[in-house]
Structure formats: structure tokens, C-alpha cells
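The structure appears right after this line, and notes come after that.
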Number of protein chains: 2
Amino acid sequence: MAIDVAADAVVFGYEVRRGLEVLLVQRRIEPFRGEWALPGGFVYEQESLEAAVERELREETGVQVNYMEQLYTFGEPGRDPRKRVISVAYVALVKQSGHRVLADSDAADARWFPVDALPALAFDHAQILTKARERLRAKLSYEPLGLELLGEKFPFSDLQNLYESVLGRSIDRRNFKKKFMALGILDELSEKSSGLGRPATLFSFNKKKYQALKEKGIVLEII
Amino acid sequence: MAIDVAADAVVFGYEVRRGLEVLLVQRRIEPFRGEWALPGGFVYEQESLEAAVERELREETGVQVNYMEQLYTFGEPGRDPRKRVISVAYVALVKQSGHRVLADSDAADARWFPVDALPALAFDHAQILTKARERLRAKLSYEPLGLELLGEKFPFSDLQNLYESVLGRSIDRRNFKKKFMALGILDELSEKSSGLGRPATLFSFNKKKYQALKEKGIVLEII
DNA sequence: GCAAAAGTGTTCCTTTTACACCCATGC
DNA sequence: GCATGGGTGTAAAAGGAACACTTTTGC
């Protein structure tokens with residue numbers, strides 16, 4: 001009846017040059033010492049599950065998340081070779097994965113990995129990650145996504161690239177823009193981005209409208 | 001770190017005359033002795049979460065479920081007045097709620113309650129139930145529902161009533177039938193139902209097509 | 001001037017919605 | 001014959017999908 005309870009997080013980050021990434025830590029203790037795993041750890045006696053995830057993320061990776069939601073609870077006997085451990089998994093979203101330096105690490109190492117070039121993972125963490133990617137994909141169709149992953153200002157193409165990364169396929173530019181703009185959650189800035197090719201208009205999320213829409217739910221079928 | 005882990009189930013049943021119902025048990029021990037609660041209990045050391053739910057359901061209510069999925073894990077410190085307990089909640093669907101006699105009860109009493117006439121519930125079970133109803137509602141839009149709740153043969157109006165019960169609003173008869181039939185998962189039987197008014201054609205689910213559709217996912221926006 | 005990415009509308013088609021009258025049976 | 005629930009189709013509107021050329025910049 002008394003079972004060890006862990007809380008683990010699948011932390012997604014996004015940067016245009018690198019695409020969708022996941023934050024992993026290298027274990028410095030057995031079991032699976034030296035292998036990569038999701039950040040997380042045991043829940044303290046008087047600590048909420050969310051607080052445990054946030055604490056572990058801080059200790060192991062130094063990141064602060066912009067959004068977090070519970071994903072699923074993995075509880076098969078045998079998923080930890082030592083003893084019975086159930087893990088409550090969370091999905092978290094972080095801005096600026098590329099820029100952030102992982103500070104004060106409690107784990108041997110912590111790094112961002114592109115979702116399509118992941119190392120082997122400890123425990124059943126590969127399974128957790130698969131479910132997290134499905135959740136993220138599903139979220140797109142009933143909630144807007146982007147505020148929690150993109151910077152303050154971004155060209156519209158960044159948003160589309162993010163959607164394409166999550167969905168794993170390409171999207172028609174005109175239709176996507178038409179639909180997304182119709183949500184009314186993007187403010188067009190007068191500023192332009194520099195870079196290769198024609199400069200792009202920058203956008204920012206209108207946080208109030210974004211949150212309102214998130215609570216109400218949307219139906220945004222993407223082509 | 002070692003925390004008590006419980007598994008609880010929100011069991012839904014449906015019968016035309018009674019509508020959508022939830023199975024509750026009356027607690028025979030403290031805390032909340034005498035109050036109504038979701039069936040469930042502590043998970044054994046070497047038992048999967050699903051097995052624990054099924055065992056508790058069998059012991060406390062005698063029902064056998066047709067479908068079960070994990071809902072959410074409730075883990076706030078203080079949700080159990082005695083000690084730290086986290087509860088992994090499941091949603092289960094059962095056929096023939098009305099006919100079934102609750103046998104061999106381990107709980108003081110077990111009864112079906114219409115979802116709109118629930119008693120006060122122990123612990124945070126009211127919150128769990130609210131989330132379960134939301135999940136059921138959401139499921140309608142991406143998966144068909146009915147096979148797990150209705151009998152082998154049923155008039156089409158039963159299916160519509162079920163959907164109306166879950167959604168909490170009325171649906172246009174012609175449009176609903178058109179959409180649902182287009183899924184191709186219902187077989188029309190030659191048999192007719194008796195009863196008041198014009199006899200109704202009976203239908204049954206085509207289980208193969210139903211399961212295929214369930215796995216693939218549907219988009220069934222109901223008016 | 002050319003390579004690179006940004007920006008922009010229209011047409012067709014499918015899906016959704018709204019809506020009302022007749023039918024078969026039991027009493 | 002009347003009350004009760006079952007059964008059926010169409011037209012108008014909205015939303016989704018497909019699709020290509022021009023513009024602005026850096027080099």
C-alpha cells in the first residue's frame with residue numbers, strides 16, 4: 001500500500017533553428033546510471049505533485065516552466081527494477097530552449113534533444129515521451145499553442161514551423177495564417193525581423209485573449 | 001516518499017428510463033463513515049493500477065466493466081484527513097446499470113445514482129466526478145460512444161438519449177442520425193422494438209468497425 | 001540579378017445547420 | 001380516433017481545401 005511516488009516531466013522547448021526539443025538529464029545514480037532520463041524524482045510527504053515536479057526541474061535542470069499539465073500516471077509493477085514506484089508524469093512547456101544555460105545541475109548532465117534524435121531512455125520513459133508527444137499534438141486541435149513556447153516577438157513563420165514540428169507534417173501557409181489570425185489572439189507589431197530573404201512582420205500574443213480562448217476551448221483543425 | 005496510493009473509479013451506467021448514472025458505495029469505515037464515495041481503495045504492492053480498480057469494483061459492487069481508462073491523479077496533501085494518499089482515478093463504463101444486482105458487497109451499500117441527483121461525496125470525490133463527466137463529454141467528439149453502455153440491440157432513440165444525457169442538451173434527430181449512420185458502425189436489424197408508439201427498428205454495433213474507428217479516432221461534432 | 005523567404009485571394013466543394021410532416025402501433 | 005414515439009429530405013450557409021504569383025531584402 002505504501003508505494004514510492006515519483007513525479008516526472010516531459011519538458012518541451014522550441015527554437016526555430018533546432019525545432020521541437022525535449023529536456024533530458026543524465027542519471028548519476030543506479031539504476032540506469034549514465035543513461036538519459038526525464039527530469040523528475042520522488043514526491044515528498046507533504047508536497048503536492050506539481051510542487052515536486054517544479055522542485056525537481058529546478059534542482060536538476062535550472063529551467064522554469066511556462067506551462068504544465070498532468071499527462072498520465074505510469075504504475076506497472078516492475079517499471080522500476082528496485083521496487084514498486086509509480087510515476088505521475090507531467091508535460092511542461094518552456095520558452096527559449098536554445099538560449100538557456102542549464103545551471104546548478106543536480107544531475108550529472110542536462111541537455112536538450114531534438115524530438116527526432118533522442119537517445120535511449122531509462123525506465124519506461126520512452127513510453128512516457130511518446131504519450132507526451134501525442135498529447136501535445138492533440139492539444140493543437142482544441143487550444144491554441146505558442147505563447148508558452150515562443151518568445152515575446154516572432155515572425156509568423158516561427159509559429160507555423162512550431163505547428164509543423166508538433167504535427168510532423170507541413171501546413172499550407174495561407175490557410176494556416178487565415179485560420180490562426182481569425183482567432184484574434186495575435187497582435188501585429190510594426191517591427192520587422194531581419195535575416196535572409198524579405199523581412200517578416202513580427203507578432204506577439206495578446207495574452208488576455210489567448211488565455212480566454214484557452215479556457216473556452218477552440219476547434220482549430222489544421223490542414 | 002512512501003505514500004499510500006489508492007485507485008478509484010467513476011463507473012457510468014446508462015438505462016433509458018433512468019438516464020446516465022454513477023455507481024457509488026457507502027463507506028463503512030472512518031473517515032467519512034456512512035457517506036457516499038466512489039468505489040476504490042488502496043493499491044497492493046504488486047498489483048497494477050488497473051488490477052486494483054477491477055478488484056475493488058468486484059469486492060465493493062460486484063460489477064464488471066466493459067471499458068476503463070485512466071482519468072487523472074489527485075494528489076493534494078490533505079485530501080485524505082488521516083494521511084497522505086494520492087488517488088489514481090479511472091473512468092469505467094458498464095452495461096445494464098438498471099438490471100444488475102449489486103452482489104457480495106464489501107461496502108455497506110452500493111447504489112446507482114443519476115448524475116443529476118448525487119448525494120454529498122466523501123474526500124474530493126465530487127471533484128473527481130466532475131472531471132469524469134467532462135472527460136466523457138469530450139470523448140464524444142473524438143470517439144464513438146455507446147457500445148460500452150448500451151445493450152446488444154437498441155432502438156436508435158436510445159443512442160440519441162445517451163448522447164443527450166452525456167452532453168446535457170438536446171440534439172436534432174435527423175442530423176444526429178445522418179451523422180452517426182455515416183460512421184458505418186451500426187448494423188440495422190430486421191427486428192423491431194415493441195412499446196408505446198410506432199415500433200422502432202433495432203440496431204446493434206458492428207464491433208469490428210467500432211473498434212477500428214475508436215483506434216483511428218473520429219471527428220463527430222454533435223449539433 | 002538572383003536567391004531566399006514573406007505576403008496575399010479566390011474558387012470549389014464538403015459539411016453543417018435549420019426545419020415539419022407523415023407513419024405505425026396500442027389503447 | 002387519438003396519443004405516442006418513429007421515420008424521413010432539402011435548401012441555405014458556413015467552413016475547409018486547393019492552389020501560384022508578386023514583393024522585399026541581402027549578397
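By convention in this document, chain letters (A, B, ...) are assigned in the order of the sequence lines, proteins followed by strands, and residues within each chain are numbered from 1. Hydrogens, waters and symmetry mates are skipped; everything else that's a heavy atom, side chains included, is used.
Listed by chain and residue number, A:Tyr90 satisfy the side chain to side chain donor-acceptor pair (under 3.5 Å) test with A:Glu50 (two or more places apart in sequence, or in another chain). For B:Glu191, the side chain to side chain donor-acceptor pair (under 3.5 Å) test picks out B:Lys153, with sequence neighbours left out. For A:Thr201, the side chain to side chain donor-acceptor pair (under 3.5 Å) partners are A:Lys192, not counting sequence neighbours. Remark: A:Ala132 engages A:Val10, A:Phe12, A:Leu71, A:Val91 in a side chain to side chain contact (heavy atoms under 4.5 Å, CB included) (not counting sequence neighbours).
Rounded to an integer number of Å, the gap from B:Phe180 CZ to C:dT16 C1' is 18 Å. Computed from coordinates, the B:Lys179 NZ to C:dT14 P distance equals 17 Å when rounded to whole Å. Distance A:Phe154 CZ to C:dA6 C1': 16 Å, rounded to the nearest Å. At whole-Å resolution of the value, CD1 in B:Ile171 and C1' in C:dA18 are 15 Å apart. Following rounding to the nearest Å, A:Phe176 (CZ) and D:dG16 (P) show an atom-to-atom distance of 14 Å.
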Write out a two-atom table: protein N or O, nucleotide N or O from nucleotides 1-3 of chain D, distance below 3.5 Å.
none

Distances for protein N/O vs nucleotides 7-9 of chain C N/O pairs under 3.5 angstrom?
residue: C:dG7; atom: OP1; partner: A:Thr201; partner atom: N; Å: 2.7
residue: C:dG7; atom: OP1; partner: A:Thr201; partner atom: OG1; Å: 2.6
residue: C:dG7; atom: N7; partner: A:Arg173; partner atom: NH1; Å: 2.5
residue: C:dG7; atom: O6; partner: A:Arg173; partner atom: NH2; Å: 2.9

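Sorted by first then second residue, the salt bridge (Lys or Arg N to Asp or Glu O under 4.0 Å) pairs that include residues 203-214 of chain B, not counting sequence neighbours, are B:Glu143-B:Lys214, B:Glu148-B:Lys214, B:Glu152-B:Lys207. Residue pairs meeting the salt bridge (Lys or Arg N to Asp or Glu O under 4.0 Å) criterion with at least one partner in residues 121-135 of chain B, sequence neighbours excluded, are B:Glu69-B:Arg135, B:Arg79-B:Asp124, B:Asp116-B:Arg133. For residues 193-203 of chain B, the set of pairs meeting the salt bridge (Lys or Arg N to Asp or Glu O under 4.0 Å) definition, not counting sequence neighbours, is empty.
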Exercise for the section: Test B:Ile185 against B:Phe205 for side-chain contact (heavy atoms from CB on, under 4.5 Å), laying out the working first. Expected result: CA-CA 6 Å; B:Ile185 58 180; B:Phe205 281 101; 4.2 Å; yes

